[in-house]
Amino acid sequence: MFFGGSRLSGREPGERQKLEASVKLLLLLLADSDGTLDEAELQYVDAQFPDTERTVKARELLEVIHAGELKRIEQAVRTLAKEGRELRISFLELAIAMCLADGAVAITENHILRFYADALFVGLGVLRKRFQAIAGQPLPDPGDPGSPDWWNQGRSAGGDAASDSGMA
Amino acid sequence: MKDLYHKLEVEPTATRDEIAAAFEQQPELKAYSAILLDDEKRPLYDQVHKTLKTIGTLRFRLDLDKSDTWFIQRYPDFAIMPKPKLGAVSREPPAAPKSRDKPKRRAGTRAGWLLPLLILLIVAVAIGLMLIL
């Protein structure tokens with residue numbers, strides 16, 4: 001599964017590049033959030049648009065995240081939020097799949113997924129359904145590593161809160 | 001999740017010693033020292049703290065910071081409250097002018113323009129009466 005391809009055909013090159021860069025940036029924010037971004041994930045992000053040559057590379061966009069350029073991230077969210085519902089949900093599914101690639105959704109990834117669902121006007125309900133469909137299990141509660149109780153319940157620094165369920 | 005750094009009044013980049021000193025200043029937060037003074041727990045807390053800070057700021061910028069959202073309910077420490085409808089972009093209240101910058105109102109300033117107006121009125125009435133008589 002990749003994001004680009006036929007669903008973006010017929011668009012103006014400038015518009016297409018802007019959308020591609022936005023999708024890549026938002027995926028990278030997600031992938032980088034748990035501090036374990038590696039070369040394979042960078043390639044995975046670039047591979048979402050295999051039929052374009054001039055699009056900005058994931059490694060360059062990573063600099064935007066490390067520099068804390070929130071304005072660029074905000075613009076990326078706004079760009080994607082203007083797209084049709086089908087495309088926005090496709091992005092969310094891609095984001096979910098990326099989170100699950102290493103086996104479990106990290107706490108930071110969980111928070112960002114929920115933010116994307118809200119910011120892209122998809123909603124938490126749809127996120128939960130799509131997550132259940134892709135992961136085969138409910139979207140876990142992010143957990144609270146700022147609470148001594150959470151740590152006392154045997155959570156590890158790996159941040160896997162998969163056994164939690166429910167959501168306020 | 002609580003913003004422990006904010007409560008301790010230290011930066012997220014604070015050293016272990018600085019954090020330990022901050023906990024001594026605020027004994028009511030001592031239970032949380034088991035997180036921030038633990039070399040294995042703190043990195044995870046820091047990751048989530050950074051992410052929630054980013055999300056809180058983005059939500060504010062994207063006008064997703066309404067008070068009835070799950071984010072504000074669950075993570076009030078990381079939510080930037082809605083900006084005033086008629087206000088400026090900044091959520092900070094306008095700084096009070098320093099005393100030396102305050103325009104000094106001179107005593108009798110208001111009377112300064114009222115008095116000539118009153119005199120003018122009296123003169124006008126007097127002239128009117130003279131003309132009538």
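Naming: A, B, ... by sequence-line order, numbering from 1 per chain.
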ask   = When only pairs under 4.5 Å are counted, which of B:Ile35, B:Asp38, B:Thr57, B:Asp3 shares the most heavy-atom pairs with chain A?
value = B:Ile35

request  = Compare every heavy atom of A:Phe49 with every heavy atom of A:Lys24, then report the nearest pair and how far apart it is.
outcome  = CE-CD1, 3.6 Å

ask   = Any sub-3.5 Å donor-acceptor pair from B:Arg42's side-chain atoms to B:Leu37's backbone N or O?
value = no

request  = Apply the test ring pair (Phe, Tyr, Trp, His ring centres under 6.0 Å) to residues B:Tyr32 and B:Phe23: give CA-CA distance (whole Å), side-chain angles for both, the deciding distance (0.1 Å), then the verdict.
outcome  = CA-CA 9 Å; B:Tyr32 298 99; B:Phe23 274 120; 7.7 Å; no

inquiry  = On a heavy-atom basis, which atom in A:Leu62 and which in A:Leu37 lie closest, and how many Å separate them?
reply    = CD1-CD2, 3.3 Å

Contact origin within A:Ser147 toward chain B - heavy atom pairs under 4.5 Å = backbone

remark   = Ordered numerically, the heavy-atom neighbours of chain B under 4.5 Å found in residues 129-136 of chain A are none

task = Salt-bridge test for A:Arg59 and A:Glu39: reply yes if a basic N is under 4.0 Å from a carboxylate O, no otherwise.
result = yes

query = B:Leu36 versus chain A, heavy atoms under 4.5 Å apart: side chain, backbone, both or neither?
reply = neither

Heavy-atom side-chain proximity of A:Leu28 to A:Leu42 below 4.5 angstrom = yes

query = Once you round to the nearest 0.5 Å, how far does CG of B:Leu4 lie from NE2 of B:His49?
reply = 7.5 Å

task = Spell out the residues in residues 64-78 of chain A that have some non-hydrogen atom less than 4.5 Å away from a non-hydrogen atom of chain B, in order of number; otherwise answer 'none'.
result = A:Leu70, A:Lys71, A:Ile73, A:Glu74, A:Val77, A:Arg78

query = Within the distance-only criterion (no hydrogens, no angle test), does the side chain of B:Tyr5 pair as donor or acceptor with the backbone N or O of B:Asp46 below 3.5 angstrom?
reply = no

Contact check, side chains of A:Val23 and A:Val45, non-hydrogen atoms, under 4.5 Å = no

key: Distance, nearest 0.5 Å, that separates CD of B:Glu11 from CD1 of B:Ile19   = 11.0 Å

Chi angles and distances behind the side-chain hydrogen bond (donor to acceptor under 3.5 Å, both in side chains) call for B:Thr51, A:Thr108 = CA-CA 6 Å; B:Thr51 297; A:Thr108 52; 4.7 Å; no

